[in-house]
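The first residue of the sequence shown is numbered 1, and numbering continues consecutively from there.
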Amino acid sequence: MHGGCDWMDTNQSAEAKWSHGKTIPVKNVQALASDAAELTDEAIKRYIRPARTSDVVAHSGQSIPIIDLARLLDSQTYLLEAAKLKSACEEWGFFQVQNHGIPDTVLENMRNNMEHFFGLPLDEKNKFGQLPGDLQGYGQAFVESEHQTLDWCDRLYLVTQPPQERDMRPWPTTPASFRESIESYSSELMRVTGSLMGIIARNLGVELDRDTYANQALRMTYYPACPVAHDKVLGISPHSDISILTLVWELNLVEGLQIKRQDAWVPVKPHPKALVVNVGDFLEILTNGKYQSIEHRVAVNPHKERMSISAFHLPKYDMSVGPISEILAGGELKKYKTLRVDEVAKVVFSSKLDGKKTKEYAMFSV
Ligand SMILES: O=C(O)CCC(=O)C(=O)O
Ligand SMILES: [Fe+2]
């Protein structure tokens with residue numbers, strides 16, 4: 001094949017991969033929230049959740065473990081820090097990573113560009129909006145019905161790695177340095193993920209092919225302040241991530257993320273120098289449940305907007321993932337089916353966020 005045909009083929013295959021998830025378009029939340037007079041009971045009724053008994057927020061001072069990447073990479077301190085990582089994966093499924101080595105300039109550029117982008121007028125942001133049938137771009141996700149409760153956030157979602165999977169159309173060109181910032185941020189996060197996954201594999205006593213975490217997508221989320229009924233509204237519904245590993249940067253340090261632990265919601269305090277890392281569903285499947293993905297959600301703030309970037313690292317889409325035989329103890333049965341990654345993605349990306357969806361789908365029934 002030559003010239004134009006090559007380009008078309010590449011473009012079509014990127015589109016085909018991402019058209020397997022779908023979402024119903026809904027109103028922009030930032031625009032709704034920006035006009036106090038607009039925030040009538042009628043306007044926000046689609047965001048209001050029925051009260052739930054499991055809504056206890058733990059304020060007992062529990063906080064997720066902190067892992068130091070520099071200590072993990074230093075042979076003098078490796079053993080102790082790797083043991084901490086092992087227990088964080090087994091006992092919590094969530095931890096913070098400090099000393100990740102991402103240059104301050106990379107983080108600052110990304111923060112400035114993201115703030116600038118979300119501050120643009122709606123029609124400017126919509127130039128990079130989702131097209132029908134595509135999840136990438138500026139918009140929303142996980143809306144499967146006209147009746148479901150909606151999340152109080154807007155998102156910019158982009159497939160970033162490997163580079164040949166990129167569709168550049170929804171990558172913003174305003175501000176001018178945004179694409180370059182995304183590129184640098186994305187490769188730094190790939191490096192951190194590679195280091196963590198190397199040690200996670202050693203802790204598990206297995207070899208993990210890099211293809212297992214070769215795909216990366218960034219979800220940049222903007223949660224407007226919610227001056228009315230903020231205690232009945234959520235920024236993101238309870239869910240676990242489909243990924244192998246997710247790395248979240250709470251870039252303006254506003255609280256909101258809460259993780260489910262022993263039936264209470266534990267707030268995660270943003271740390272200025274750390275990334276929040278969580279075990280995803282595919283890592284749970286690979287480890288036959290030794291490491292579990294944890295349900296989490298985001299609460300909204302009545303006065304402050306919140307911004308975060310989630311970097312999802314996933315296996316290549318044409319891979320099949322199931323429990324790794326080498327980590328099954330003698331006689332241990334596989335609890336999860338072996339499924340193609342793109343098939344699981346299709347189910348998860350076309351339905352509303354609702355608890356541990358992948359697990360329901362992938363687990364053998366007992
Ligand atoms: O905003 C956050 O802190 C977390 C967002 C999240 O859970 C997600 O994007 O899957
Ligand atoms: Fe998440």
Side-chain angles (χ1 to χ4, degrees), residues 1-23 102 106 110 113-114 117 127-142 155-173 177-197 208-221 241-249 280-283 285-286 309-321 339-350 358:
M1 257 193 261
H2 309 283
C5 285
D6 271 339
W7 179 85
M8 255 178 69
D9 271 0
T10 322
N11 208 32
Q12 277 174 354
S13 67
E15 208 176 279
K17 280 186 188 85
W18 289 96
S19 61
H20 58 216
K22 55 180 190 304
T23 187
I102 304 175
V106 171
M110 192 64 197
N113 280 301
M114 185 171 153
F117 177 77
K127 289 184 181 155
F128 306 96
Q130 287 165 333
L131 296 179
D134 192 1
L135 293 177
Q136 290 196 74
Y138 178 66
Q140 262 93 11
F142 310 111
R155 308 169 161 115
L156 173 63
Y157 183 67
L158 302 172
V159 171
T160 39
Q161 300 283 352
Q164 65 272 21
E165 296 282 345
R166 292 178 189 166
D167 168 8
M168 297 309 290
R169 188 208 59 85
W171 287 50
T173 47
S177 56
F178 203 5
R179 286 186 172 189
E180 209 180 303
S181 305
I182 295 171
E183 168 84 61
S184 314
Y185 184 79
S186 158
S187 20
E188 286 293 333
L189 279 253
M190 287 305 277
R191 176 186 58 75
V192 175
T193 301
S195 303
L196 290 172
M197 285 310 298
L208 272 185
D209 197 314
R210 289 191 82 85
D211 284 356
T212 319
Y213 45 92
N215 280 8
Q216 182 197 61
L218 297 185
R219 186 192 289 155
M220 297 169 225
T221 311
D241 295 345
I242 183 181
S243 59
I244 286 279
L245 219 55
T246 307
L247 278 62
V248 181
W249 182 34
D281 300 332
F282 278 121
L283 189 53
I285 295 174
L286 277 178
I309 305 177
S310 304
F312 303 99
H313 297 91
L314 286 127
K316 289 201 155 165
Y317 301 112
D318 59 358
M319 279 177 85
S320 291
V321 171
L339 296 166
R340 261 184 69 115
V341 173
D342 50 3
E343 276 174 25
V344 182
K346 189 172 176 177
V347 173
V348 172
F349 287 129
S350 300
T358 315

(Q) Please find the pair of heavy atoms, one from Gln216 and one from Ala311, that lie closest to each other, and give the distance. (A)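 Nearest pair, atom of Gln216 first, then Ala311: NE2-CB, 4.3 Å.
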Q | Which atom of Asn113 lies closest to which atom of Ser181, heavy atoms considered | A |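 Here Asn113 and Ser181 meet closest at ND2-OG, 2.5 Å.
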For a 4.5 angstrom cut-off between non-hydrogen side-chain atoms, does [X] reach [Y]?
{"X": "Leu189", "Y": "Gln161", "value": "no"}
{"X": "Asn215", "Y": "Pro315", "value": "no"}
{"X": "Leu208", "Y": "Met197", "value": "yes"}

Q: Tell me, please, which residues at least two apart from Phe312 pass ring pair (Phe, Tyr, Trp, His ring centres under 6.0 Å).
A: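 Listed in chain order: nothing, the list is empty.
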Q. With distance as the sole test, does Gln130 use its side chain to make a donor-acceptor pair with the main-chain N or O of Gly137 at under 3.5 Å?
A.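 Not a single qualifying donor-acceptor pair exists.
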**Q.** Under 3.5 Å: donor-acceptor pair, side chain of Arg166, backbone of Thr160
**A.**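 Side chain of Arg166 to backbone of Thr160: a pair is present.
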Quick one: pull up [atom1] in [X] and [atom2] in [Y] and give me the separation to the nearest 0.5 Å.
{"X": "Gln136", "Y": "Trp171", "atom1": "CD", "atom2": "CH2", "result": "9.0 Å"}
{"X": "Glu183", "Y": "Met110", "atom1": "CD", "atom2": "CE", "result": "11.5 Å"}
{"X": "Met190", "Y": "His313", "atom1": "CE", "atom2": "NE2", "result": "5.5 Å"}
{"X": "Leu156", "Y": "Leu218", "atom1": "CG", "atom2": "CG", "result": "9.0 Å"}
{"X": "Ile309", "Y": "Leu247", "atom1": "CD1", "atom2": "CG", "result": "11.5 Å"}
{"X": "Leu283", "Y": "Asp241", "atom1": "CG", "atom2": "CG", "result": "12.0 Å"}

Q: May I have the step-by-step check of salt bridge (Lys or Arg N to Asp or Glu O under 4.0 Å) for Glu165 and Lys316, ending in yes or no?
A: CA-CA 10 Å; Glu165 296 282 345; Lys316 289 201 155 165; over 6 Å; no
Q.
Check this for me, if you would: do Arg191 and Glu188 make a salt bridge, where the nitrogen-to-carboxylate-oxygen distance has to be below 4.0 angstrom?
A.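 Here Arg191 pairs with Glu188 in a salt bridge, since their nearest N and O are under 4.0 Å apart.
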(Q) In terms of relative ring orientation, are Phe178 and Phe117 parallel, tilted or perpendicular, with 30° and 60° separating the classes? (A)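 The arrangement is tilted - the two ring planes meet at 30° to 60°.
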Q: Please say which of Ile242, Asp281, Val321 ends up in a side-chain contact (heavy atoms from CB on, under 4.5 Å) with Val344.
A: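 The option that passes is Ile242.
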